[in-house]
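Let me begin by presenting the structure, written as structure tokens, before commenting on it.
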Amino acid sequence: MILDAEALKKDFPILFQEVNDEPLVYLDNAATSQKPQAVLDALSDYYHFDNANVHRGVHTLAERATAKYEAAREKVRHLIKASETAEILFTRGTTTSLNWVARSYGEANVTEGDEIVISYMEHHSNIIPWQQLAKQKKATLKYIDLTPDGQLDMASAKKQITEKTKIVAIAHVSNVLGVVNPIKELVELAHQVGAVIVVDGAQSVPHMDVDVVDLDADFYAFSGHKMLGPTGIGILYGKRHLLEKMEPIEFGGEMIDFVYQNDSTWKELPWKFEAGTPNIAGAIGLGAAVDYLNQVGLPAIHQYEQELVAYVLPKLMAIPGITIYGPTDPAIRTGVITFNLEGVHPHDLATAMDMEGVAARAGHHCAQPLMNYLKVNSTARASFYFYNTKADADRFIAALLATKEFFSHGAI
């Protein structure tokens, strides 16, 4: 399947505007993606025609809302190739999903002296829950090292994952380095010692074909807003036998079977974890986003992004004073490119590029341990998606060169 980025870009109304009197080039897709008209329409249609609470009512609006809400769960199941919808939990996003695992599975299964293994490339959302769990349980938090080009050091992984390891938590794709991690190898290492593996899929599901059964991941978390969907909706996939043993961490309506005066029982999976009125519109919008991604084709998206990175990386590397973090081989990375320009603070760089209409990110990217590991305070990041074109890449390079010229000579 050949991807026509120019044609697909027309599905995203927000991209056709001017910023600082320049046509917008949006390159902050690792932070959040833009939304196609189909997703905007799904949200609008729900509120215009189907707005009602789910699961509780027998009237027509409630039944329509419930049908669309649960249809979205099935679409997500099919997307990541899970075995059943009972393994698909709606959450507020990746952060909530990872916290649920730490607070429910982790608190029940980690004890004093146990080990939790993560890597230096993790997002704060996949660090802090494990820090807190380790503190609470007097467990040890260990880090897998990186290779000089920013890949996961598998020799270090084999050393860090031991018989004491109970949980391995790792990003499928780094939100800074763009590297794709060897999840199946890590799963094998974890399972050999009886540990479970928790995968942060926030940067993978939007960009490549994911099969959680083939990966054999125990838990897999991701967010809707990075994959064309609304904010405030996310997914936690978990193997049924693990979810059945876990206790919910939020309580109230919707998730109960029966409430007695002094005790309560829970609904079956997946609803026992979903307390209160859920983000119904968010789930329906996510379902529309999944439909759109299926129509475009995730394998085609992944291939196109690699081609786009192969186009822009040599141009970026040719600029004097540029340092790129992560591998420079497009075959082993996604559309995330993190870099610094010598003599220019990343925030100044991003501000100057914004004046050229180019939206890029600057800062620590919610990965301060990685920044410390790389011996930098912050970096700039351009993250591409399938609706970005080679013309966008050229505008990015031109804006970067103009910024370099300004900070070198005081004029553009």
Side-chain angles (χ1 to χ4, degrees), residues 17-34 119-128 146-151 171 173-179 202-203 226 308-309 311-328 333-385 388 392-412:
Q17 63 175 293
E18 290 191 349
V19 172
N20 295 316
D21 298 320
E22 298 287 348
L24 171 64
V25 173
Y26 182 78
L27 299 179
D28 197 18
N29 293 290
T32 196
S33 65
Q34 298 302 343
S119 84
Y120 281 102
M121 69 174 71
E122 302 309 313
H123 188 282
H124 292 163
S125 295
N126 203 29
I127 297 176
I128 301 170
L146 309 181
T147 63
D149 69 346
Q151 298 186 65
V173 172
S174 168
N175 73 309
V176 176
L177 303 170
V179 65
Q203 300 292 338
K226 296 183 191 290
L308 195 57
V309 170
Y311 176 79
V312 74
L313 262 181
K315 297 176 183 291
L316 184 61
M317 293 169 66
I319 299 174
I322 284 286
T323 300
I324 295 174
Y325 303 96
T328 55
R333 63 177 305 146
T334 61
V336 174
I337 303 175
T338 298
F339 61 96
N340 270 329
L341 177 61
E342 185 179 4
V344 183
H345 191 282
H347 288 117
D348 294 333
L349 180 65
T351 301
M353 292 181 69
D354 184 60
M355 296 304 296
E356 299 291 314
V358 177
R361 178 56 64 98
H364 54 65
H365 315 296
C366 298
Q368 287 179 314
L370 177 58
M371 297 295 110
N372 293 335
Y373 191 90
L374 297 173
K375 296 181 171 56
V376 295
N377 292 321
S378 58
T379 60
R381 183 183 71 188
S383 47
F384 294 82
Y385 207 5
N388 291 123
D392 290 340
D394 290 338
R395 285 275 312 282
F396 162 61
I397 295 297
L400 190 54
L401 288 170
T403 300
K404 177 179 170 63
E405 177 68 17
F406 176 79
F407 281 96
S408 297
H409 300 107
I412 295 179

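Nothing fancy with the numbering, it's 1 onward along the sequence.
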- Note on the structure: So the salt bridge (charged side-chain N to carboxylate O under 4.0 Å, His left out) pairs with at least one residue in residues 359-374 (sequence neighbours excluded) are Asp28-Arg361
- Side-chain donor or acceptor of Ser33 paired with backbone N/O of Asn29 under 3.5 Å: no
- Query: Side chains of Met371 and Val176: does their closest heavy-atom pair fall under 4.5 Å?
  - Reply: yes
- Message: Checking Tyr385 now: which residues fulfil ring-ring contact (aromatic ring centres under 6.0 Å, His included) with it, not counting sequence neighbours?
- Response: His207, Tyr387
- Query: For Tyr373, what residues pass the ring-ring contact (aromatic ring centres under 6.0 Å, His included) criterion, not counting sequence neighbours?
  - Reply: Tyr120
- Message: Holding to side-chain hydrogen bond (donor to acceptor under 3.5 Å, both in side chains), I want the full list of residues that pass it with Ser119, two or more places apart in sequence or in another chain.
- Response: Glu122
- Task: Could you tell me which residues satisfy side-chain hydrogen bond (donor to acceptor under 3.5 Å, both in side chains) with Asn20, sequence neighbours excluded, listed by chain and number?
- Result: Asp354
- Residues that Ala360 engages under side-chain contact (heavy atoms from CB on, under 4.5 Å), provided they are two or more places apart: none
- Would you please name every residue forming a side-chain contact (heavy atoms from CB on, under 4.5 Å) with His123, sequence neighbours left out? Ser125, Asn175, Asp200, Cys366
- Residue pair His345 / Ser378: nearest heavy atoms and the distance that separates them: CE1-OG, 3.8 Å
- Which pairs, with at least one residue in residues 336-351 and sequence neighbours excluded, count as a salt bridge (charged side-chain N to carboxylate O under 4.0 Å, His left out)? none
- Sequence neighbours left out, what passes side-chain hydrogen bond (donor to acceptor under 3.5 Å, both in side chains) with Asp394? Give chain and number order. Tyr311
- Quick one: does Leu146's side chain get under 4.5 Å of Val179's, heavy atoms only? no
- Query: Is there a donor-acceptor pair under 3.5 Å between the side chain of Lys226 and the backbone N or O of Ala30?
  - Reply: yes
- Message: Restricting to side-chain contact (heavy atoms from CB on, under 4.5 Å), what partner residues turn up for Pro369, sequence neighbours left out?
- Response: His124, Ile127
- Query: Mind checking what makes side-chain contact (heavy atoms from CB on, under 4.5 Å) contact with Ala350, not counting sequence neighbours?
  - Reply: Ala362
- Would you say the side chains of Thr379 and His365 form a donor-acceptor pair under 3.5 Å? yes
- Query: Residues in ring-ring contact (aromatic ring centres under 6.0 Å, His included) with Tyr325, at least two apart?
  - Reply: none
- Query: Got Val173 and Val336 here, is their nearest side-chain heavy-atom distance under 4.5 Å?
  - Reply: no
- Take atom CE in Met355; do more than 12 heavy atoms of anything else shown fall under 6.0 Å from it? no
